[in-house]
S.K.: 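Following this message is one structure expressed as structure tokens.
Chain identifiers are assigned alphabetically (A, B, ...) following the order of the sequence lines, protein sequences preceding nucleic acid strands; residue numbering begins at 1 within each chain. Since the structure is predicted, the reported quantities are computational estimates derived from the model, not experimental observations.
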Protein chains: 2
Amino acid sequence: MPTPHYGQPRYRTIADELRRRIESGEIAPGTLLPTERALTAEFQASRGTIRKAIAALQSEDLVVTEHGRGTCAIQQRHESVADGKADRGKRQIPADSDLAAIFAIDVGAILIEEQRITRARGTVQEVTRVYRIPLAAQ
Amino acid sequence: MPTPHYGQPRYRTIADELRRRIESGEIAPGTLLPTERALTAEFQASRGTIRKAIAALQSEDLVVTEHGRGTCAIQQRHESVADGKADRGKRQIPADSDLAAIFAIDVGAILIEEQRITRARGTVQEVTRVYRIPLAAQ
DNA sequence: AGAAATTTGTCCGTATGTATC
DNA sequence: AGATACATACGGACAAATTTC
């Protein structure tokens, strides 16, 4: 097969299909996707194309890939948990030296930290923290 | 050259060099970068590697690429030099009392921390950190 | 207007390095 | 240490958009 990518490129249709499986729960959050090798077999595409599809999902924060391990589906953000308890919080913290360097601000300057805890069947799966500069300071 | 990517991969050092040229004004905002072909000649790297380096700059909103035209440097607001800190990183850290309580693990137990830095026009917008328990421990 | 050249986009196959299990 | 799985890199081929002649 040369390169017949009329309409939509192949890596995109593959990404769409994988996204569907994740969002439908066919690939449960927290579980590994099939290996790249398995995906090349299933979609009859080269490994490079499979990796491009997965890269698209990564940029959507739908999956996380770890070197020798595999690619893992991430718990969805706007999914209301069964217990309904929103494990979210927002607070202000002073920047430590690490964050200060990244943001190019002074150590001790105030940052906004938003925290989100995702659970599955009661156990904590992930803790996500997003830091940013207060709007007032910009 | 086979594939000796000790320390830093090739595409990243190339991306760093191109970023330096853009931020130093050597490649003026609004002007086209050298063609992929020219870059392969200069850096003695394959086209795929060059494209990966450019893709990195794209995700930093430092350049935009148009199909039959080329890759164009973006007008940017000055800002501190990128200190070479990777936009994505993963590391293992011991749980502090806060995280230990959330995960219901011992203080000092190892957690995986993944960090992602999102930028817009060169400036840091958000720092996202995701913590989770190593799979080996589950 | 049209053809050719240029340039980026997609895809394949292979080989080797590196991290994890 | 061995097997498995992802990461990097090369080279070639063809497609599609743009520019040039």
S.K.: Check whether any side-chain N or O of A/Lys52 sits under 4.0 Å from OP1 or OP2 of C/dT10, and answer yes or no.
M.R.: yes

S.K.: Send over the distance from B/Phe43 CZ to D/dC10 P, rounded to a whole Å.
M.R.: 13 Å

S.K.: When you compare the side chain of B/Arg132 with that of B/Glu114, does any pair of heavy atoms fall below 4.5 Å?
M.R.: yes

S.K.: On DNA chain C, compare the nucleotides closest to A/His67 and B/Thr65; which residue's is nearer the 5' end?
M.R.: B/Thr65

S.K.: Check the phosphate of C/dC11 against A/Tyr11, side-chain N and O only, distance under 4.0 Å to OP1 or OP2. Yes or no?
M.R.: no

S.K.: Measure from CG on B/Leu32 to C1' on C/dT7 and round the result to the nearest Å.
M.R.: 10 Å

S.K.: Any side-chain N or O of B/Arg69 under 4.0 Å from OP1/OP2 of C/dT8?
M.R.: no

S.K.: Is B/Ile14 close to B/Ile50 at the side-chain level, that is, under 4.5 Å between some pair of heavy atoms?
M.R.: yes

S.K.: Counting just side-chain N and O atoms, does A/Thr49 come under 4.0 Å of either OP1 or OP2 of C/dC12?
M.R.: yes

S.K.: Do any side-chain nitrogens or oxygens of A/Arg51 fall under 4.0 Å of OP1 or OP2 in D/dA7?
M.R.: yes

S.K.: Which nucleotide sits closest to the side chain of A/Ser46: C/dC11, D/dA9, D/dC6?
M.R.: C/dC11

S.K.: Check the distance between C/dC12's P and A/Leu39's CG and give it to me in whole angstrom.
M.R.: 13 Å

S.K.: For DNA chain C, whose closest nucleotide is more 5', that of B/Pro34 or that of A/Ile50?
M.R.: B/Pro34

S.K.: Starting at CZ of A/Arg37 and ending at P of D/dA3, how long is that distance when rounded to a whole Å?
M.R.: 14 Å

S.K.: Are any of the side-chain heavy atoms of B/Tyr11 and B/Arg51 separated by less than 4.5 Å?
M.R.: no

S.K.: Does C/dC12 have OP1 or OP2 under 4.0 Å away from a side-chain N or O of A/Arg10?
M.R.: yes

S.K.: Once you apply a heavy-atom cut-off of 4.0 Å, does A/Gly70 come out as touching a base, just sugar-phosphate, or nothing?
M.R.: sugar-phosphate

S.K.: Considering all heavy atoms of both residues, which atom of B/Leu57 and which atom of B/Ala15 are nearest to each other, and what is their separation?
M.R.: CD2-O, 3.7 Å

S.K.: Does B/Arg47 get its side chain close enough to the base of C/dG9, under 3.5 Å, for a donor-acceptor pair?
M.R.: yes

S.K.: Rounded off to whole Å, could you give me the CZ-to-C1' distance for the A/Arg12 and C/dT10 pair?
M.R.: 11 Å

S.K.: Whole-Å distance between C/dT6 C1' and B/Leu33 CG?
M.R.: 17 Å

S.K.: Taking atom P of C/dT7 as reference, at what distance in whole Å does atom CD of B/Glu36 sit?
M.R.: 10 Å

S.K.: Once you round it to whole Å, what is the distance between P of D/dT8 and CD1 of B/Ile14?
M.R.: 13 Å

S.K.: Using only heavy-atom distances, determine whether the side chains of B/Thr128 and B/Gln115 contain a donor-acceptor pair under 3.5 Å.
M.R.: no

